[in-house]
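Below, read A as the first sequence line, B as the second, and so on, with proteins coming before strands; counting in each chain starts at 1. Values below: all heavy atoms of this structure, side chains included; hydrogens, waters and symmetry mates excluded.
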Protein chains: 2
Amino acid sequence: MLTQTLNTQAINTQIVGKIAPAHPVADQFGAITGHVGLVATEFSYRKDEEIYGEDEPAEYVYQVVTGAVSSYKLLSDGRRQIGAFHLPGDVFGLESGPAHRLAAEAIIDTTVRLVKRASLEKAAATDVQVARKLWAMTAGELRHAEDHMLLLGRKTAMERVATFLLEMDRRLAVAGMMALPMCRRDIGDYLGLTLETVSRALSQLHAQGILGFSGARQIVLRNRQRLQHLDA
Amino acid sequence: MLTQTLNTQAINTQIVGKIAPAHPVADQFGAITGHVGLVATEFSYRKDEEIYGEDEPAEYVYQVVTGAVSSYKLLSDGRRQIGAFHLPGDVFGLESGPAHRLAAEAIIDTTVRLVKRASLEKAAATDVQVARKLWAMTAGELRHAEDHMLLLGRKTAMERVATFLLEMDRRLAVAGMMALPMCRRDIGDYLGLTLETVSRALSQLHAQGILGFSGARQIVLRNRQRLQHLDA
DNA sequence: CGGCTAATTGATGAGAGTCAAGCAGCGTGG
DNA sequence: CCACGCTGCTTGACTCTCATCAATTAGCCG
């Protein structure tokens with residue numbers, strides 16, 4: 001079904017390495033594919049559209065060009081844990097085994113670049129540098145997951161929200177302001193909290209002057225030091 | 001300081017591949033090192049002894065021969081999150097980057113086999129099969145961490161304990177009985193609960209006839225199906 | 001058998017969840 | 001350009017699960 005969607009909506013096929021990196025930072029996708037001449041395709045998803053499901057065969061590896069994606073697991077009764085948010089430049093959907101172990105969906109309108117998993121595997125089989133990079137990317141995800149386990153298992157609601165704000169500030173702040181792509185429910189599902197608890201924590205930080213709002217999703221951190229102090 | 005300890009206590013140096021695997025299951029260590037002739041050393045730690053600290057340089061990769069190890073992170077005030085338990089046969093301490101991102105300590109008297117990280121790196125640089133195996137091991141850890149994030153973020157206390165029992169049953173049950181190497185506090189720190197909550201959940205499962213005790217750490221699962229049902 | 005550590009159990013309380021109401025921001029259409 | 005309506009966010013009142021504090025009890029090793 002992903003394949004079907006791809007066939008009907010794919011808009012842009014290019015040789016990776018001939019296009020400019022989407023972002024000024026080291027382009028992780030290019031680092032893998034640049035010198036092996038893999039074909040990458042651009043593709044778009046609308047807000048709330050599923051990119052792949054949990055346990056679905058991992059046919060493609062993705063990189064966010066614009067927009068934002070969440071990776072998550074569900075329990076049978078609908079409880080959801082978001083494991084990571086993927087922002088422009090981030091690679092997601094990379095698996096060592098045959099299937100995706102989290103589902104992924106666009107949280108706002110999103111464009112991704114994608115390559116076939118099989119072609120990466122093939123490149124890795126002959127090029128040790130590619131193999132090393134794939135390992136390093138998985139290790140980076142593991143590092144994030146380990147940090148997040150500490151947050152989910154042992155931090156208070158306020159500490160979780162403080163950690164979240166500092167992470168998003170680091171990853172998407174422009175000119176000291178961040179435009180959050182995700183709603184309060186998504187933040188709650190990422191932090192193991194309810195959306196109400198997230199909202200209350202943000203309100204409290206606002207009341208203390210630690211952050212400012214210009215719209216619920218436009219946040220300015222006014223005192224990173226105090227926020228770091230709240231983050232245990 | 002690890003080096004110092006190694007110098008004083010190392011007892012056994014061997015060519016990996018010439019010794020019998022510690023366990024009947026596929027030997028992960030051997031899979032990496034068997035055909036490249038790496039030198040492995042055996043080494044022992046006493047209960048509660050630290051094997052390496054968080055952010056310490058990752059000089060060695062380890063495999064549990066006998067005993068059990070926990071990998072954990074600490075907050076400044078002492079709150080602890082155990083990310084994984086390592087049981088006989090398990091590899092731990094494998095890093096793609098330069099440092100350990102969790103600390104590790106023996107939870108009972110433990111013997112490990114270890115190889116220099118640098119020699120693995122070297123083997124991976126020339127042997128794509130080794131590189132692939134290292135990636136797969138890190139991916140396996142990531143899979144466990146992703147499952148554990150769901151547990152920590154979204155499961156109830158009883159669901160967490162049920163998940164834990166089923167995991168340990170799968171990993172260390174012999175003749176339908178499991179001998180837990182870890183205390184209630186360790187279980188709590190793994191599940192994001194207090195030791196009292198773990199104890200109460202176990203007592204409740206006992207009262208319902210779902211499990212039997214012969215000593216606090218000797219547990220028999222009498223009804224895996226009901227336990228699976230309690231695990232969401 | 002004695003003494004220590006680990007585990008159980010009970011009483012109480014705090015932090016986050018649930019349920020519910022109202023508000024604000026934003027996109028749409030008149 | 002402004003009004004309307006939808007969705008998402010905030011806030012309040014109350015509940016409940018799990019943490020905390022405390023006292024026994026059980027298990028284990030010398």
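- Of the candidates dA6(C), dC9(D), dG8(D), dA6(C) carries the atom nearest the Arg217(B) side chain, counting heavy atoms from C-beta on.
- Although no hydrogens or angles enter the test, the distance criterion places a donor-acceptor pair under 3.5 Å between the side chain of Arg117(A) and the main chain of Glu95(A).
- Between the P atom of dT7(D) and the CG atom of Asp48(A) lies a distance of 12 Å, rounded to the nearest Å.
- Contacts between residues 186-209 of chain A and DNA chain D, counted as heavy-atom distances below 4.0 Å, involve Leu195(A), Glu196(A), Ser199(A), Arg200(A), Ser203(A).
- With hydrogens and angles ignored, the 3.5 Å screen pairs a side-chain donor or acceptor of Asp109(A) with a backbone N or O of Lys47(A).
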Could you list the donor-acceptor pairs under 3.5 angstrom formed between side-chain atoms of residues 168-182 of chain B and any protein atom two or more places apart in sequence or on another chain?
residue	atom	partner	partner atom	Å
Asp169(B)	OD1	Arg224(B)	NH2	3.0
Asp169(B)	OD2	Arg224(B)	NE	2.7
Asp169(B)	OD2	Arg224(B)	NH2	3.4
Arg171(B)	NH1	Phe85(B)	O	3.4
Arg171(B)	NH1	Glu167(B)	OE2	2.9
Arg171(B)	NH2	Phe85(B)	O	2.8
Arg171(B)	NH2	Asp90(B)	OD2	2.6

Step by step, work out the side chain to side chain contact (heavy atoms under 4.5 Å, CB included) result for Val64(B) and Leu87(B). CA-CA 6 Å; Val64(B) 179; Leu87(B) 305 178; 5.9 Å; no

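- Nearest-nucleotide assignment on DNA chain D puts the 5′-proximal partner with Phe213(A), out of Arg154(A) and Phe213(A).
- His148(B) meets the ring-ring contact (aromatic ring centres under 6.0 Å, His included) test with His144(B), Tyr190(B); sequence neighbours excluded.
- With rounding to whole Å, Asp77(A) atom CG is found 14 Å from dG17(C) atom C1'.
- Rounded to whole Å, the distance from CE on Met182(B) to C1' on dT5(C) is 18 Å.
- In this structure, CD1 of Ile108(A) is placed 12 Å from P of dG27(C), rounded to the nearest angstrom.
- One can place CZ of Arg185(A) at 10 Å from C1' of dG8(D), the figure rounded to the nearest angstrom.
- Counting only distance, with no hydrogens or angles, the side chain of Thr197(B) and the backbone of Leu193(B) share no donor-acceptor pair below 3.5 Å.
- Computed from coordinates, the Asp109(B) CG to dC29(D) P distance equals 11 Å when rounded to whole Å.
- Nucleotide dA16(C) holds its C1' atom 15 Å from the CG atom of Leu152(A), rounded to whole Å.
- The distance from atom CZ of Arg79(A) to atom P of dG17(C) is 13 Å, rounded to the nearest whole Å.
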